[in-house]
Amino acid sequence: MCGIAGAVVTRDAGFDRGTLERMLGAIAHRGPDGHGIAEIEAPEGARVYLGHRRLAIIDPEGAAQPMRDAEAGLTLTFNGEIYNFRTLRAELEGRGHRFARDSDTEVLLHAYREWGEACVERLRGMFAFAIWDARAAKLFMARDRFGEKPLFVREDARALYFASEIKALLALPGTRPAVDESAVWDYLAFRYVPGPKTLLHGIRKLAPGTCASWSNGRFAQRRYWEAPDKSASARPSAIGSPQQVGDPGGEGEFVAEFLRKLDESVEMEMVSDVPFGAFLSGGLDSSTIVALMTRHNAKVKTFSVGFGGAESAYSELGYAGVVAKHFGTDHHELVVDPDHLVEHLPKLVAFRDAPVTEPSDIPIYMLAKEASKSVKMVLTGEGSDEVLGGYPKHVFERFAGVYQSLVPGTIRHKLVQPLVQSLPYGFRRAKTAIANLNLEDWTERYPRWFGACSNAERASLTTLRVNGHAFGGFVPPFDADPGASRLRRILYADQTSWLPDNLLERGDRMTMAASI
């Protein structure tokens, strides 16, 4: 829950400590509790710069970063939290390691010392970090499995640069990156830019579940984890690769095991040395998280946002209030009206480093600002729909093949769709379902369930061209097993694109903008 930035540069790269200070200043909102810089000599006259802006959650009085292990020649800058750090510390102590603090940062440093790059496969948490390994003369970077914490990279012939947000990389000297027009084309379909691209040439995202190294001017990366629904027959393990399904032991066993793991995860994520709470919408996901939190803490702070004016009919404050009363939480409510949207939009575009296409960005930011008055960390229910198939599209997608095979295309396009589209707004889910089920090409249909424009609509809205030719159809980066079920394939698409590149990115930017 911090901000990191750094570089490995040659002597003539024009990079110095002042440049890193400007990079850190651009992301100061991510870490108002302190900052630090490490400057390290590297082979052949190169220099390593690691910077950190701290939001203190674990060991707030100690664990300053960048953190060094001088004996091993390691220096770490780390954003996030390792939830199983105490388990890992006990294992490392059994291997002879000694610790000075109760800190997940120190455990991460020792884990790399013990297991090298394989340490990432043992981590349970949300993280993005960079370690300079002086003995190997390499920079090692990694990002958590689902992409909760961001990491952007930029490289040229003389250097590698990295940061938690794009704006930090725009503080670098020299020519500013140009807009990537192909990414704008993607943005019109997805309402976000699917990784690894960003809206700017030369700046890319390190993919979730990926680690990378920079050594001797060469960048190499590998995936250390894949979302389990990529496979036709797999189930997730707590850590590591998907496990093949054996004897299921009945549906009840799966339900009980899921609830056990969910409760365990909530308990682990409540480890904090500062006040914390939860965002509560009154829906099933956030209500479940709050219910489990109250098992482990007698008094939980909850925060809910609702809408005033003409949008009050969509407010969920009533549902959230019922849940808060039932579990006896210390409950706080905030009401947003249309004027707030206009007021906050410009600065949230700056925080997001992209146009804001999710109206909920603004109430999430305002709720985070309200929560920051009394807590420094919140739990949310984000991601449950993408794991458990909670959206209506997951139901509708099951019938795509049947609908298209039983109803001739002419009838679907010329009769059914126009009739359904003429229905009132109250039938919006049916209208969305028919419009998307009429798309025979799944590579267009998947992003369209939540997207803004079809291929034809994009072509009519933009004059963007590459090498004199208009952009063609976009093929999304969804490489699920073709033998997997329709449900698994669309869940995998959600887990590898919609969730990390949109929802989790939004959650990170809007909460960190409020320094929680």
Side-chain angles (χ1 to χ4, degrees), residues 1-7 17-40 48-69 74-83 85-86 89 99-112 123 125-132 139 141-144 148-152 161-169 171 269-277 351 368-369 371-379 507-516:
M1 283 71 71
C2 304
I4 63 175
R17 187 183 183 92
T19 304
L20 183 55
E21 289 279 12
R22 289 191 291 274
M23 294 176 71
L24 292 174
I27 54 173
H29 53 279
R30 298 187 68 93
D33 296 334
H35 79 288
I37 288 177
E39 188 175 351
I40 308 162
V48 179
Y49 293 86
L50 301 180
H52 189 262
R53 293 288 322 198
R54 190 178 188 204
L55 180 66
I57 303 296
I58 301 293
D59 190 14
E61 300 303 321
Q65 295 190 53
M67 185 176 289
R68 295 176 183 264
D69 182 336
L74 304 175
T75 308
L76 165 69
T77 185
F78 161 50
N79 169 31
E81 188 172 349
I82 307 301
Y83 301 129
F85 78 96
R86 286 178 176 148
R89 186 179 63 190
F99 295 88
R101 310 169 185 86
D102 187 26
S103 162
D104 57 342
T105 305
E106 188 179 18
V107 168
L108 176 55
L109 196 58
H110 281 257
Y112 179 85
L123 304 178
M126 55 179 181
F127 54 83
F129 65 84
I131 294 179
W132 173 250
L139 184 75
M141 300 176 289
R143 193 173 175 207
D144 63 65
E148 290 184 80
K149 292 289 113 179
L151 192 60
F152 295 89
Y161 312 95
F162 67 89
S164 294
E165 296 185 15
I166 291 173
K167 60 179 64 64
L169 295 174
E269 294 183 28
M270 291 172 68
V271 174
S272 172
D273 294 326
V274 296
F276 61 88
F351 280 126
K369 288 291 286 186
S372 70
K373 297 174 182 178
S374 57
V375 302
K376 294 184 71 172
M377 180 185 79
V378 292
L379 274 66
D508 174 81
R509 301 305 185 280
M510 294 304 100
T511 55
M512 295 305 298
S515 301
I516 67 168

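Nothing fancy with the numbering, it's 1 onward along the sequence.
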| request: Would you check, one step at a time, whether the test side-chain contact (heavy atoms from CB on, under 4.5 Å) holds for Phe85 with Leu108? | output: CA-CA 8 Å; Phe85 78 96; Leu108 176 55; over 6 Å; no
| side-chain contact (heavy atoms from CB on, under 4.5 Å) between Phe127 and Arg143: does it pass, once the steps are laid out? | CA-CA 6 Å; Phe127 54 83; Arg143 193 173 175 207; 5.8 Å; no
Looking at [Y], is its backbone amide N or carbonyl O close enough to the side chain of [X] to form a donor-acceptor pair, meaning the two atoms are under 3.5 Å apart?
X: Gln65; Y: Phe78; answer: yes
X: Glu106; Y: Arg101; answer: yes
X: Asp144; Y: Ala128; answer: no
X: Arg68; Y: Leu74; answer: no
X: Arg53; Y: Gly3; answer: no
X: Thr77; Y: Leu50; answer: no
X: Asp33; Y: Ala56; answer: yes
X: Ser164; Y: Ile4; answer: yes
X: Lys376; Y: Ile57; answer: no

| query | Does the pair Val378 and Ile516 meet the rule for a side-chain contact (heavy atoms from CB on, under 4.5 Å), with working shown? | reply | CA-CA 7 Å; Val378 292; Ile516 67 168; 4.2 Å; yes
What closest approach, in Å, do [X] and [Y] show between heavy atoms, and which atom pair accounts for it?
X: Ala63; Y: Met67; value: CA-CE, 3.7 Å
X: Cys2; Y: Arg54; value: SG-CA, 3.9 Å
X: Ala368; Y: Met510; value: CB-O, 3.9 Å
X: Leu24; Y: Ala5; value: CD2-CB, 4.1 Å
X: Ala168; Y: Ala163; value: CB-CB, 3.6 Å
X: Ser272; Y: Val274; value: OG-O, 2.8 Å

Do [X] and [Y] touch side chain to side chain, with heavy atoms closer than 4.5 Å?
X: Leu169; Y: Met23; answer: yes
X: Pro66; Y: Ile37; answer: no
X: Met377; Y: Glu269; answer: no
X: Ser515; Y: Pro32; answer: yes
X: Ile40; Y: Thr75; answer: yes

| Straight-line distance of Tyr161 OH to Tyr49 OH, nearest 0.5 Å |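 Those atoms lie 10.5 Å apart.
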| Given the rule in the salt bridge (Lys or Arg N to Asp or Glu O under 4.0 Å) test, do Arg30 and Asp508 qualify, once you have shown the distances and angles that lead to the verdict? | CA-CA 10 Å; Arg30 298 187 68 93; Asp508 174 81; 2.8 Å; yes
| query | Are Asp102 and Arg86 within salt-bridge range, i.e. N to O under 4.0 Å? | reply |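 Here Asp102 pairs with Arg86 in a salt bridge, since their nearest N and O are under 4.0 Å apart.
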| Charged N-O contact under 4.0 Å between Arg89 and Asp104 |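 Judged by the 4.0 Å cut-off on N to carboxylate O distance, Arg89 and Asp104 do not form a salt bridge.
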| said: My understanding is that only one of Met512, His35, Lys167 makes a side chain to side chain contact (heavy atoms under 4.5 Å, CB included) with Ile27; could you say which? | reply: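 Option passing the side chain to side chain contact (heavy atoms under 4.5 Å, CB included) with Ile27: Lys167.
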| field | side-chain contact (heavy atoms from CB on, under 4.5 Å) evaluation trace for Asn79 with Phe129 | value | CA-CA 6 Å; Asn79 169 31; Phe129 65 84; over 6 Å; no
